[in-house]
**Student:** 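One structure follows; several queries about it will come next.
Throughout, a chain's letter reflects where its sequence line sits, starting with A, and its residues are numbered from 1. Computed over heavy atoms, backbone and side chain alike; hydrogens, waters and symmetry mates excluded.
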2 protein chains.
Amino acid sequence: MKYSVHLQMNEKLFLRDPEQSDLGRRIVRQGILVMNEIGFEETTFRKLADRLGTKEASIYRYFENKHRLLVYMVAWYWQWLDYQVVYETNNIASPREKLERLLPILLQRTTDTPATPDDIDLRALHSVVIREASKAYLTRHVTDDNREQLFKPYKDLCGRIAGLILEFNPTYKFARSRASSLIETAHYQSFFMENLPSLTDFGGHPTDDALLAFLRHLLFSSIERG
Amino acid sequence: MKYSVHLQMNEKLFLRDPEQSDLGRRIVRQGILVMNEIGFEETTFRKLADRLGTKEASIYRYFENKHRLLVYMVAWYWQWLDYQVVYETNNIASPREKLERLLPILLQRTTDTPATPDDIDLRALHSVVIREASKAYLTRHVTDDNREQLFKPYKDLCGRIAGLILEFNPTYKFARSRASSLIETAHYQSFFMENLPSLTDFGGHPTDDALLAFLRHLLFSSIERG
DNA sequence: TCAACATTGATAGTAATACTATCTTTGCGA
DNA sequence: TCGCAAAGATAGTATTACTATCAATGTTGA
């Protein structure tokens, strides 16, 4: 059986819903590839338009600027992760096992679920999120963006993970900070592993997955205590 | 007694050493204030030049571009932190106590040391680092920049902290990752606390310092085990 | 004291970026 | 076939991120 999820996005994220047209979908999908290839700073709507065989002005009809496009892509990613967490922890009784299943999802060490969207390059999107996601909120206008609910998917995911942590240990005091730091640590350490490996203890390649072991140890050692 | 440290900076960080001239020092000091006020993206050499009563071209004689200026400021900060860690842990016998003294330094909850530089606004620089430091390395040219040793101060600080962790527990397997994730967690939890508080458990204001308690718990729970 | 040099100031200029505006064409559904 | 929405096409603007050049100033040291 093969089907795919459609994620409903907050309307504040775009000027015109990119999922409602062929051009819009191509902007998002190619946008992911371009940002992955040349990075956020080097990405321009002109370059993206050239790749799509369209014009800058057409892209501006969908997104106010490239920062909003990034926020959209990142928001989509968080919603997709949240979906995966729900899917993978469904019908699991043990809170420990739920958290065990969470970790590979955060690192995208997953095999496809039946609902994997087949037209979005998830591997590229994961790379973009590692490198660029923090630029979505590390801005001077973070408060305004937050007021527009642009970061709700991230907050929802953190809330979901905080819930799992509290299932595991209802007396743990820092569930939300633990959740957000788990996600961020997974990403930073992935980036460091690949680009500044001396900041990590993961010399080799992802076969043995020391990063996963690190995250597991870090998570459980903290939440197994009061 | 009052004196101040002079931090020796890597020559690759600048075109002309800003500490060797009045204009250069003002570029760095005012640059910190401008980046703190309007953020990295909005900062331009023109705006900074106007504030200094000088010209864009003069600033370009010191720094290739504003990214390099950011990297310089951040590198200076890491060296300053490293100095503080050395100073505050000097003559302390207990590895636990050393780590206890490290934590307030990372959050800059410190009273001035005798060597505090009096002409750099450390509070502003700390804010800039929290918000902007990751933009120093989250780029497509991170590998080139790393080759030029631009991130050496950060690596040195992580190495120093990893050393303290290994003093505390010589069998701990992830000392370097633990060090880098400790620093990063301190910073983005600070950012979240101020800007996206629902991602943290630190509702109130910095009096009781729940963030410090969180970091302490997170650090010791992980390194007290194998 | 004068010559040489380094630093900064002042002005100009260029290519690219980040948009906005407008007008035309295309295609689709009622 | 009319009307409308989407996209194409073209143009234009302010700003950014530089680079180049030359003049003014100040400092050194022969």
Side-chain angles (χ1 to χ4, degrees), chain A residues 9 11-31 34-35 37-73 132 135-136 139-141 144-145 148 150, chain B residues 11-31 34-35 37-73 132 135-136 139-141 144-145 150:
Chain A
M9 305 296 290
E11 306 219 333
K12 296 294 186 71
L13 288 163
F14 46 76
L15 295 171
R16 177 178 306 177
D17 186 350
E19 288 307 312
Q20 297 307 315
S21 77
D22 177 62
L23 179 61
R25 283 185 293 270
R26 287 165 59 226
I27 288 169
V28 173
R29 281 144 187 78
Q30 280 290 320
V34 172
M35 288 232 190
E37 284 170 32
I38 65 178
F40 176 72
E41 284 76 14
E42 293 299 308
T43 297
T44 67
F45 278 2
R46 164 171 287 280
K47 290 177 189 168
L48 178 53
D50 287 349
R51 280 257 290 245
L52 292 169
T54 182
K55 300 287 168 183
E56 265 183 291
S58 299
I59 303 181
Y60 277 107
R61 288 176 179 126
Y62 287 87
F63 295 101
E64 276 182 57
N65 51 53
K66 72 167 166 173
H67 184 261
R68 287 297 175 113
L69 175 56
L70 175 67
V71 171
Y72 181 93
M73 296 179 341
E132 319 291 2
K135 297 169 192 168
T139 67
R140 272 276 138 188
H141 50 270
D144 298 332
D145 290 351
E148 292 194 67
L150 303 191
Chain B
E11 307 216 333
K12 297 295 184 72
L13 288 163
F14 46 76
L15 295 172
R16 177 178 305 175
D17 186 350
E19 287 307 310
Q20 297 304 314
S21 76
D22 177 62
L23 179 62
R25 285 185 292 272
R26 288 166 57 227
I27 288 169
V28 173
R29 283 146 185 77
Q30 280 287 322
V34 171
M35 289 230 190
E37 285 170 32
I38 65 177
F40 177 71
E41 284 76 16
E42 293 299 308
T43 298
T44 68
F45 277 5
R46 165 172 286 280
K47 290 176 189 170
L48 178 53
D50 287 349
R51 280 255 292 241
L52 292 168
T54 184
K55 301 284 167 184
E56 267 184 289
S58 298
I59 303 181
Y60 277 107
R61 288 176 179 126
Y62 287 86
F63 294 99
E64 277 182 56
N65 51 53
K66 72 167 166 173
H67 184 260
R68 287 298 175 112
L69 174 56
L70 175 66
V71 171
Y72 181 94
M73 295 179 342
E132 320 290 1
K135 296 169 192 169
T139 68
R140 272 275 136 190
H141 49 270
D144 298 331
D145 290 350
L150 303 191

**Student:** Per the salt bridge (charged side-chain N to carboxylate O under 4.0 Å, His left out) rule, what does the pair list look like for residues 12-21 of chain B, sequence neighbours excluded?
**Tutor:** Glu19(B)-Arg29(B)
**Student:** Taking only residues two or more places apart in sequence, or in another chain, which ones meet Thr139(A) in a side-chain contact (heavy atoms from CB on, under 4.5 Å)?
**Tutor:** His67(A), His141(A), Val142(A), Asp145(A)
**Student:** Does any non-hydrogen side-chain atom of Leu150(B) lie less than 4.5 Å from one of Arg68(B)?
**Tutor:** yes
**Student:** Counting only non-hydrogen atoms, which of residues 62-69 of chain B are less than 4.0 Å from DNA chain D?
**Tutor:** Glu64(B), Asn65(B), Lys66(B)
**Student:** Return yes when atom CD of Glu42(B) has more than 12 non-hydrogen atoms of other residues, nucleotides or ligands closer than 6.0 Å, and no otherwise.
**Tutor:** no
**Student:** How many Å lie between CZ on Arg61(B) and P on dT21(D), as a whole number?
**Tutor:** 13 Å
**Student:** First locate atom CG of Leu69(A), then atom CG of Leu48(A), and finally report the distance between them rounded to the nearest 0.5 Å.
**Tutor:** 7.0 Å
**Student:** For Asp22(A), what residues pass the side-chain hydrogen bond (donor to acceptor under 3.5 Å, both in side chains) criterion, not counting sequence neighbours?
**Tutor:** none
**Student:** In plain terms, say whether Lys47(B) and Glu37(B) are close enough for a salt bridge, that is, a side-chain N and a carboxylate O under 4.0 Å apart.
**Tutor:** no
**Student:** Tell me, please, which residues at least two apart from Arg46(A) pass salt bridge (charged side-chain N to carboxylate O under 4.0 Å, His left out).
**Tutor:** Glu56(A)
**Student:** Could you tell me which residues satisfy side-chain contact (heavy atoms from CB on, under 4.5 Å) with Glu41(A), sequence neighbours excluded, listed by chain and number?
**Tutor:** Glu132(A), Lys135(A)
**Student:** Is Lys66(A) close enough and on-axis enough to Phe45(A), meaning under 6.0 Å and within 45°, for cation-pi?
**Tutor:** no
**Student:** For a 4.0 angstrom threshold against heavy atoms of chain A, report the outermost contacting nucleotides of DNA chain C in 5' to 3' order.
**Tutor:** dT17(C) to dT22(C)
**Student:** Which residues satisfy the side-chain hydrogen bond (donor to acceptor under 3.5 Å, both in side chains) test with Gln30(A), sequence neighbours excluded?
**Tutor:** Arg51(A)
**Student:** Using every non-hydrogen atom in the two residues, find where Ala136(B) and Val71(B) come nearest and quote the distance to one decimal.
**Tutor:** CB-CG2, 4.0 Å
**Student:** Going by heavy atoms closer than 4.0 Å, what residues in residues 49-56 of chain A are next to DNA chain D?
**Tutor:** Thr54(A), Lys55(A)
**Student:** Please list, by residue number, the residues of residues 14-31 of chain A whose heavy atoms come closer than 4.0 Å to an atom of DNA chain C; answer none if no residue qualifies.
**Tutor:** none
**Student:** Please list, one pair per line, the donor and acceptor atoms closer than 3.5 Å that link side chains of residues 57-64 of chain A to other protein atoms, with sequence neighbours excluded.
**Tutor:**
residue	atom	partner	partner atom	Å
Ser58(A)	OG	Thr54(A)	OG1	3.4
Tyr62(A)	OH	Ser21(A)	OG	2.5

**Student:** Between Glu41(A) (CD) and dC18(D) (P), how many Å, whole number?
**Tutor:** 13 Å
**Student:** For Lys47(A) and Ala57(A), take the nucleotide of DNA chain C holding the closest heavy atom to each; which residue's nucleotide lies nearer the 5' end?
**Tutor:** Lys47(A)
